[in-house]
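Start at 1 and go down the list; that is how both ligands and their atoms are numbered. We number each residue from 1, following the sequence as shown. Because only heavy atoms are used, hydrogens play no part in the values below, and waters and symmetry mates are left out as well, while side chains stay in.
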Amino acid sequence: MQYVLDRFAAEIRAALAATGLIADDEIDLAEPKANVPADLALPCFKAAKRRGVAPPRLAQELAAALSFGPDSLVGGVQAVGPFLNFTLNRAEFVRQTIAEILRLGERYGSDDRGAGQTVIVEYSSPNIAKRMHVGHIRSTIIGQAINNLLTFLGYHTIADNHLGDYGTQFGTMIAAMERFGRPEGEGEAVLAAIEERYARYNQLKGMAADDEAHDPEALDEEARAWSLKLEQGDPYARELWQWMVDTTLRANQRAYDRLGVRFDTQHGESFYAEMLPQVIAEAERLPCVEREPGGALVVKGLRDTNGKELPNFLIQRSDGATLYITRDVATIIYRERTYHPRRIIYVVGQEQELHFRQTFALARAMGYARDIELIHVPFGRVFTADGQPLSTRRGNMIYLESLLDEAKARARAIIEQKIAEGKTELPAEQIDELADAIGVGAVIYNDLYQDPRRNITIDWERMLAFEGNSAPYLQYTHARCCSILREAGITTGAALPSVDPAVLEDEREVAVVKQLARFPEVVRRAGEQYAPYVIADWLYATAREFARFYRDLRVLNAPTPELRAARLQLVAATAQALRNGLRLLNIRAPERM
Ligand code: ARG
């Protein structure tokens with residue numbers, strides 16, 4: 001897709017090439033420094049050096065040879081020292097930018113550069129029969145945003161939830177439910193009840209044998225027997241396991257719905273179980289794989305893509321059991337065969353960095369994923385507002401559904417206070433939905449506003465502040481745009497007054513238009529770097545630029561009818577672009593706040 005700033009650069013490039021004074025590969029256009037009054041610059045060093053002339057001299061010759069017509073997006077060109085500076089033709093730029101946004105609507109910023117390429121994005125990936133803790137929350141939120149970005153860029157994306165539904169712990173869980181009963185209920189509560197039974201069983205196992213019923217060894221044996229039955233496909237064991245899977249999926253779905261999270265597939269680790277004997281057999285043929293005397297299969301001396309030697313690791317235990325990593329290699333083989341993806345992106349915490357280096361290296365050593373980019377997008381940890389790490393052991397772990405509930409309750413309290421203070425008017429039936437939109441939005445934004453590798457804190461004050469770099473501030477800016485349009489009698493989707501927006505010439509108006517015009521490039525950068533925070537930065541900068549415009553200039557009471565109409569167009573375009581940015585992050589954009 002070619003957006004207005006792409007066309008601006010393309011025009012410059014074509015005009016430069018047409019002078020015959022400079023070759024294509026010498027045209028590296030750059031963003032000028034902030035204090036330079038230009039929109040794009042050509043540093044002339046490279047081309048001048050090749051021709052043996054001084055860069056300022058070449059810049060002047062080029063400037064003299066270039067000319068642009070009145071309809072061109074290029075308004076002026078000037079040689080300044082070794083640079084050739086280009087400025088936008090303001091009228092044409094403003095006209096085209098606003099027209100483009102209003103015409104494309106929710107597609108504004110989308111692209112076709114990913115067309116024909118399949119990308120698998122794996123995220124969330126919680127474990128069955130457990131609540132989703134902060135690590136899964138981060139994966140869910142960051143992964144969905146990356147998936148949205150790549151889809152918007154035209155890639156054929158496959159969102160996969162790689163559920164942890166395999167392992168000996170399921171034998172223990174079944175044993176625990178047989179002993180203590182299957183819990184009832186829905187949502188996180190029922191998962192907490194399974195976790196509690198599991199913990200109780202393990203605790204009992206750890207206690208000294210006092211009577212028959214609590215014999216630790218018998219308990220251990222019982223759990224192992226269930227694990228074996230499950231593996232051998234015993235119908236009753238399978239039924240209990242399936243119940244755990246279904247119960248967990250149902251509980252998680254409630255939270256996914258609130259977050260707007262969606263998957264194309266939800267293959268758990270167990271899905272790949274039948275491939276494991278084949279994977280083991282293939283791996284065993286590699287020179288770096290050794291069968292230990294005890295029977296375990298070890299990978300030794302493997303190097304990662306950077307040539308760094310990896311620590312040795314097991315792919316099969318002495319009892320024949322496979323490991324997490326074995327299943328991950330099988331997953332790559334399955335995905336390659338089934339989807340032929342160009343990339344597979346894993347959104348998983350940074351604690352698993354080594355695991356993925358080992359997984360990728362082994363899959364490649366086995367001859368797989370030759371044409372697939374395997375990418376681990378790691379993220380940092382979560383701390384309380386006063387800097388305490390969250391952990392199950394400390395008892396301060398935060399789980400997804402409770403986090404969303406708390407966020408909503410806090411958002412509701414803020415809304416109710418604003419209503420009581422007369423700062424906003426809101427029909428009672430809208431309060432609940434708004435509280436959810438603001439609360440959930442605040443949780444999402446907290447995960448996305450900075451580089452995912454950085455740690456985050458759960459700091460409600462900051463997350464729910466209506467000022468500063470927060471979701472409510474962005475939502476509020478969008479709602480304010482909507483309320484201006486409402487007051488002018490323009491409802492969403494209604495036609496805007498037709499006027500040439502080129503009457504917008506105030507520096508504060510043009511600054512907003514420039515910010516809006518950058519959005520498509522921002523989307524590309526965010527997608528290619530797996531960096532939703534690039535969108536967040538843009539949203540915040542746009543909201544602030546809009547605030548400056550709206551603080552200083554009148555919209556509804558603009559000095560002339562033309563200016564009023566043009567400013568309303570600018571407000572509508574801003575609302576649209578903000579909405580598109582928020583939607584990429586899965587943050588709802590209410591029209592009233
Ligand atoms: N279920 C795992 C966990 O909770 C995360 C899975 C990550 N994805 C993968 N392909 N290994 O730690």
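With ligand atoms numbered from 1 in the order given, ligand 1 contributes 2 (C), 5 (C), 6 (C), 7 (C), 8 (N), 9 (C), 11 (N) to contacts under 4.0 Å with heavy atoms of Tyr324. The ligand atoms of ligand 1 that sit less than 4.0 angstrom from a heavy atom of His162 are 8 (N), 9 (C), 10 (N). Interface of Ser125 with ligand 1, defined as ligand atoms under 4.0 Å from a residue heavy atom, comprises 1 (N), 2 (C), 4 (O), 5 (C), 6 (C). Atoms of ligand 1 found under 4.0 Å from any heavy atom of Asp328, numbered from 1 in the order shown, are 9 (C), 10 (N), 11 (N). The ligand atoms of ligand 1 that sit less than 4.0 angstrom from a heavy atom of Val348 are 7 (C), 8 (N).
With hydrogens and angles left out, the side-chain atoms of Ser402 and Arg131 include no donor and acceptor closer than 3.5 Å. No side-chain donor from either of Tyr445 and Gln475 sits under 3.5 Å from a side-chain acceptor of the other. For Gln350 and Arg381, the side-chain atoms include no donor-acceptor pair closer than 3.5 Å.
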Steps toward side-chain contact (heavy atoms from CB on, under 4.5 Å) verdict (Asn252, Thr140)
CA-CA 11 Å; Asn252 292 347; Thr140 305; over 6 Å; no
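In this structure, of Gln352, His133, His355, Arg327, the residue bringing a heavy atom nearest to atom 12 (O) of ligand 1 is Gln352.
Ion pairing between Arg200 and Glu196 holds under the 4.0 Å rule for side-chain N and carboxylate O. At a threshold of 4.0 Å, the pair Glu221-Arg224 counts as salt-bridged, since one of the basic side-chain nitrogens sits closer than that to a carboxylate oxygen.
Residue contacts with ligand 1: His136 is placed with a nitrogen or oxygen under 3.5 Å of a nitrogen or oxygen of the ligand (distance criterion only).
Within the 4.0 Å heavy-atom criterion, neither part of Tyr166 lies near ligand 1.
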